[in-house]
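All remarks here apply to the structure that follows.
Just the heavy atoms: all of them, side chains too, but no hydrogens, waters or symmetry mates, feed the values below.
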Amino acid sequence: MHKAIFFDRDGTLIVDKVYLNDVAQIEYLPGVFTALKRLQEAGFIFVIVTNQSGVARGIVSLSNLELIHQKIAADFAKNGIRFSGFYFAPHSVESNHHTRKPNPGMLV
């Protein structure tokens with residue numbers, strides 16, 4: 001059995017740009033690589049779970065979202081950090097979809 005940490009993406013690992021739709025706009029929070037490296041060395045695995053209502057609103061494209069997640073994974077990999085998965089809820093805030101946090105849908 002592994003110890004896991006489930007991270008939100010925006011405002012936790014990267015600066016929250018509100019409806020990030022451009023890979024060039026990714027900006028990492030200070031100290032994030034060092035912190036995750038230490039946690040990984042302590043035996044934790046990492047999963048990103050993120051609400052992305054910008055998809056439902058037509059502000060964020062699924063193809064750009066995939067590129068953003070690939071870039072984040074690559075940048076962390078350059079620092080020796082691996083994510084076990086990226087999961088997102090593309091539903092609007094108003095939907096109360098079971099996968100939107102704080103609902104547990106992405107965890108089951």
Side-chain angles (χ1 to χ4, degrees):
M1 180 176 284
H2 296 287
K3 303 179 286 185
I5 300 175
F6 293 81
F7 288 103
D8 188 14
R9 190 190 79 182
D10 304 308
T12 304
L13 302 176
I14 65 173
V15 173
D16 188 353
K17 300 290 179 144
V18 186
Y19 305 123
L20 176 65
N21 193 42
D22 181 354
V23 71
Q25 296 297 313
I26 296 170
E27 180 182 350
Y28 296 99
L29 290 170
V32 71
F33 296 111
T34 301
L36 268 67
K37 186 71 171 172
R38 287 182 182 167
L39 289 167
Q40 185 173 270
E41 289 169 352
F44 288 92
I45 62 172
F46 308 129
V47 179
I48 291 183
V49 291
T50 179
N51 290 332
Q52 293 298 316
S53 65
V55 172
R57 297 177 191 282
I59 300 168
V60 177
S61 74
L62 284 174
S63 60
N64 283 353
L65 183 61
E66 179 63 28
L67 291 173
I68 289 164
H69 289 169
Q70 288 173 2
K71 172 74 169 143
I72 290 170
D75 289 346
F76 275 90
K78 288 176 190 171
N79 287 275
I81 301 159
R82 182 181 174 279
F83 289 98
S84 294
F86 283 75
Y87 300 92
F88 64 94
H91 313 286
S92 70
V93 174
E94 300 79 21
S95 74
N96 195 33
H97 193 274
H98 73 280
T99 61
R100 274 192 60 80
K101 298 180 295 150
N103 297 326
M106 283 191 274
L107 302 176
V108 287

State the [atom1]-[atom2] distance between [X] and [Y], to the nearest 0.5 angstrom.
X: T50; Y: L20; atom1: OG1; atom2: CG; answer: 9.5 Å
X: K101; Y: D8; atom1: NZ; atom2: CG; answer: 3.0 Å
X: E94; Y: R100; atom1: CD; atom2: CZ; answer: 8.5 Å
X: L36; Y: F83; atom1: CG; atom2: CZ; answer: 5.5 Å

Between the side chain of [X] and the main-chain N/O of [Y], is any donor-acceptor distance below 3.5 Å?
X: N79; Y: I81; answer: no
X: N103; Y: H97; answer: yes
X: N21; Y: S61; answer: yes

Where is the tightest heavy-atom contact between [X] and [Y], given as atom of each residue plus distance?
X: Q40; Y: F46; value: N-CZ, 3.5 Å
X: T99; Y: M106; value: O-CE, 3.2 Å
X: S53; Y: S92; value: CB-CA, 4.1 Å
X: H91; Y: A56; value: C-CB, 3.9 Å

Next on the checklist: If hydrophobic clusters are built by linking Ile, Leu, Val, Met, Phe, Trp and Tyr wherever their side-chain heavy atoms come under 4.5 Å apart, do I68 and V49 end up in the same one?
Outcome noted: no
Checklist entry - Would a hydrophobic clustering, with Ile, Leu, Val, Met, Phe, Trp and Tyr connected at side-chain separations under 4.5 Å, put I5 with F33? => result yes
Checklist entry - How are the rings of F76 and Y28 set to each other: parallel, tilted or perpendicular (split at 30° and 60°)? => result perpendicular
Checklist entry - Do E66 and L62 come close enough that some side-chain heavy atom pair is under 4.5 Å? => result no
Checklist entry - Does E27 have any salt bridge (charged side-chain N to carboxylate O under 4.0 Å, His left out) partners at least two apart in sequence or in another chain, and if so, which? => result K17
